[in-house]
Asks: 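Would you mind keeping the following structure in view while I ask a few things?
Computed from a predicted structure; not experimentally measured. Residue numbers run from 1 in the order of the sequence given.
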Amino acid sequence: MSMQHFERRRDRFDLFNNMESAAVNICFPLELPDYRPWCKEHGLAPFHVFLCAALRATLKIDNFRYRMHEGEVFMVDRLTPSFTVINEHNDLNFAMFEWSDDVRTFVARGIAAREEASNMTELNLRYRALSPREAKHQVFVTCIPWLAFTSIQHPTATLASPDIPSLAWGKFRAGAPGELVLPFSVQAHHGFVDGLHIHQLAQQIAAELNAIMSTSPQ
């Protein structure tokens with residue numbers, strides 16, 4: 001993948017990357033088609049269908065594919081899906097699984113990963129074993145379904161390098177007829193991502209859900 005789009009904004013990257021924190025974090029109500037009846041009809045878990053749509057969307061927008069490693073900027077062309085879960089002691093863990101372009105396979109793998117991680121007492125060893133380079137093929141994902149939050153602060157390994165995007169969403173509520181609304185947060189490196197790209201991501205997630213619902217998974 002050509003890096004020419006990034007080179008056009010390298011001076012903006014340098015500006016933000018030299019700040020103590022380069023993160024941009026926006027929380028907003030995300031308006032979506034109500035895809036839950038479709039999920040019920042096809043026996044698919046709504047969280048995992050939404051996760052599939054959100055990650056597909058990030059791969060469609062180049063600005064969410066930039067990463068940093070050992071001082072160099074590069075683009076990822078694939079993702080390793082991961083998300084937070086809680087175990088029987090209500091402690092956080094990380095589920096991780098292999099990508100699939102097929103939504104039913106994606107959902108099945110996500111559910112299996114959730115069950116595996118939620119049954120662990122210790123932090124997921126497979127997740128901890130990721131090398132710094134391998135970890136770049138993620139988008140950090142958390143769901144807080146109990147709260148209609150209005151702001152959130154994501155942790156970053158170092159303030160100056162929030163290059164792996166973080167997505168969070170919360171409690172669903174009814175919107176206009178045929179729509180739903182949920183609190184949604186996007187955090188990313190401002191050298192890569194501006195407010196416009198976050199708006200584009202929101203639009204693309206809705207488009208991905210519509211595309212998923214236009215098919216009948218086997």
Side-chain angles (χ1 to χ4, degrees), residues 23 25 27 30 35-36 39-40 42-59 64-65 67-70 76-149 151-159 161-172 182-189 205 208-209 212 217:
N25 190 334
C27 296
L30 178 61
Y35 67 100
R36 294 171 297 178
C39 290
K40 184 176 181 179
H42 293 283
L44 295 172
F47 166 82
H48 296 277
V49 172
F50 183 78
L51 176 66
C52 182
L55 295 184
R56 284 183 181 183
T58 64
L59 287 173
F64 285 95
R65 296 170 55 193
R67 302 290 189 273
M68 297 169 58
H69 183 62
E70 296 181 346
V76 298
D77 57 4
R78 61 180 176 81
L79 290 176
T80 300
S82 63
F83 57 95
T84 58
V85 300
I86 56 173
N87 66 11
E88 62 179 320
H89 305 294
N90 290 330
D91 292 326
L92 174 143
N93 213 335
F94 298 97
M96 186 173 64
F97 60 100
E98 297 298 321
W99 181 276
S100 175
D101 290 329
D102 174 71
V103 65
R104 187 171 289 279
T105 302
F106 184 100
V107 169
R109 290 178 180 177
I111 291 173
R114 180 198 66 198
E115 292 304 306
E116 179 184 34
S118 63
N119 284 315
M120 296 176 181
T121 302
E122 301 295 327
L123 196 62
N124 190 334
L125 179 61
R126 182 184 172 204
Y127 190 88
R128 284 188 291 166
L130 289 172
S131 71
R133 183 63 171 76
E134 290 171 332
K136 301 299 183 178
H137 289 277
Q138 296 180 88
V139 171
F140 296 138
V141 169
T142 189
C143 178
I144 311 170
W146 318 279
L147 298 176
F149 62 80
S151 66
I152 190 170
Q153 176 64 54
H154 298 278
T156 54
T158 62
L159 285 176
S161 300
D163 61 314
I164 300 176
S166 296
L167 306 180
W169 57 91
K171 188 175 182 179
F172 289 17
L182 63 155
F184 194 72
S185 166
V186 181
Q187 179 173 295
H189 193 301
I205 292 172
E208 295 297 333
L209 284 173
I212 288 171

Asks: Mind checking side chain to side chain donor-acceptor pair (under 3.5 Å) for Ser100 and listing every partner two or more places apart, or none if nothing turns up?
Replies: none
Asks: Could you go through the side-chain contact (heavy atoms from CB on, under 4.5 Å) check for Ile152 and Ile144 one step at a time?
Replies: CA-CA 11 Å; Ile152 190 170; Ile144 311 170; 3.9 Å; yes
Asks: For a 4.5 angstrom cut-off between non-hydrogen side-chain atoms, does Phe47 reach Arg114?
Replies: no
Asks: Return the minimal non-hydrogen interatomic distance between Cys143 and Thr84, and the atom names on each side.
Replies: N-OG1, 4.1 Å
Asks: Who pairs with Gln187 by side chain to side chain donor-acceptor pair (under 3.5 Å), at least two apart in sequence or on another chain?
Replies: Asn25
Asks: Check Arg56 against Glu208 and note the closest heavy-atom contact, atom names and distance.
Replies: CD-OE1, 3.6 Å
Asks: As an exercise, state the distance from OH of Tyr35 to CG of Leu209, rounded to the nearest 0.5 Å.
Replies: 6.5 Å
Asks: Where do Cys39 and Pro46 come nearest, in terms of heavy atoms and distance?
Replies: SG-CA, 3.9 Å
Asks: Taking only residues two or more places apart in sequence, or in another chain, which ones meet Glu70 in a side chain to side chain contact (heavy atoms under 4.5 Å, CB included)?
Replies: none
Asks: List in chain and number order the residues that pass side chain to side chain donor-acceptor pair (under 3.5 Å) with Thr58, two or more places apart in sequence or in another chain; answer none if no residue qualifies.
Replies: none
Asks: With Arg133, which residues qualify under side chain to side chain contact (heavy atoms under 4.5 Å, CB included), at least two apart?
Replies: His69, Phe74, Ser131, His137
Asks: Determine which pairs satisfy ring-ring contact (aromatic ring centres under 6.0 Å, His included) with at least one residue from residues 95-114, sequence neighbours left out, and list them in order.
Replies: Phe97-Phe106, Trp99-Phe106
Asks: With distance as the sole test, does Asn119 use its side chain to make a donor-acceptor pair with the main-chain N or O of Glu115 at under 3.5 Å?
Replies: yes
Asks: For a quick test of reading the model, state the closest non-hydrogen atom pair linking Ala148 to Lys171 and the distance between them.
Replies: N-CB, 4.0 Å
Asks: Could you check whether any side-chain N or O of Arg67 sits under 3.5 Å from a backbone N or O of Ala135, counting only pairs where one atom can act as donor and the other as acceptor?
Replies: no
Asks: Among all residues two or more places apart in sequence or in another chain, which pass the side chain to side chain contact (heavy atoms under 4.5 Å, CB included) test with Met96?
Replies: Thr80, Ser82, Arg126, Tyr127, Leu130
Asks: Which residues satisfy the ring-ring contact (aromatic ring centres under 6.0 Å, His included) test with Phe184, sequence neighbours excluded?
Replies: Phe28
Asks: Quick one: list whatever passes side chain to side chain donor-acceptor pair (under 3.5 Å) with Ser118, sequence neighbours left out.
Replies: none
Asks: Nearest 0.5 Å please: distance from the CE atom of Met120 over to the CG atom of Asp91.
Replies: 14.0 Å
Asks: Under 6.0 Å between ring centres, would you say that holds for His48 and Phe83?
Replies: yes
Asks: Measuring only between side-chain heavy atoms, which start at C-beta, is Val139 closer than 4.5 Å to Phe64?
Replies: no
Asks: Can you name the nearest heavy-atom pair linking Leu59 to Arg65, along with the distance?
Replies: O-CD, 3.4 Å
Asks: Only counting residues at least two apart or in another chain, list the ones meeting ring-ring contact (aromatic ring centres under 6.0 Å, His included) with His154.
Replies: none
Asks: Of all the heavy-atom pairs spanning Ala53 and Ile212, show the shortest one and how long it is.
Replies: CB-CD1, 4.2 Å
Asks: Who passes side chain to side chain contact (heavy atoms under 4.5 Å, CB included) against Leu123, sequence neighbours left out?
Replies: Asn93, Phe94, Arg128
Asks: Check whether Lys136 reaches the backbone of Met68 with its side chain - one donor and one acceptor, N or O, closer than 3.5 Å.
Replies: yes
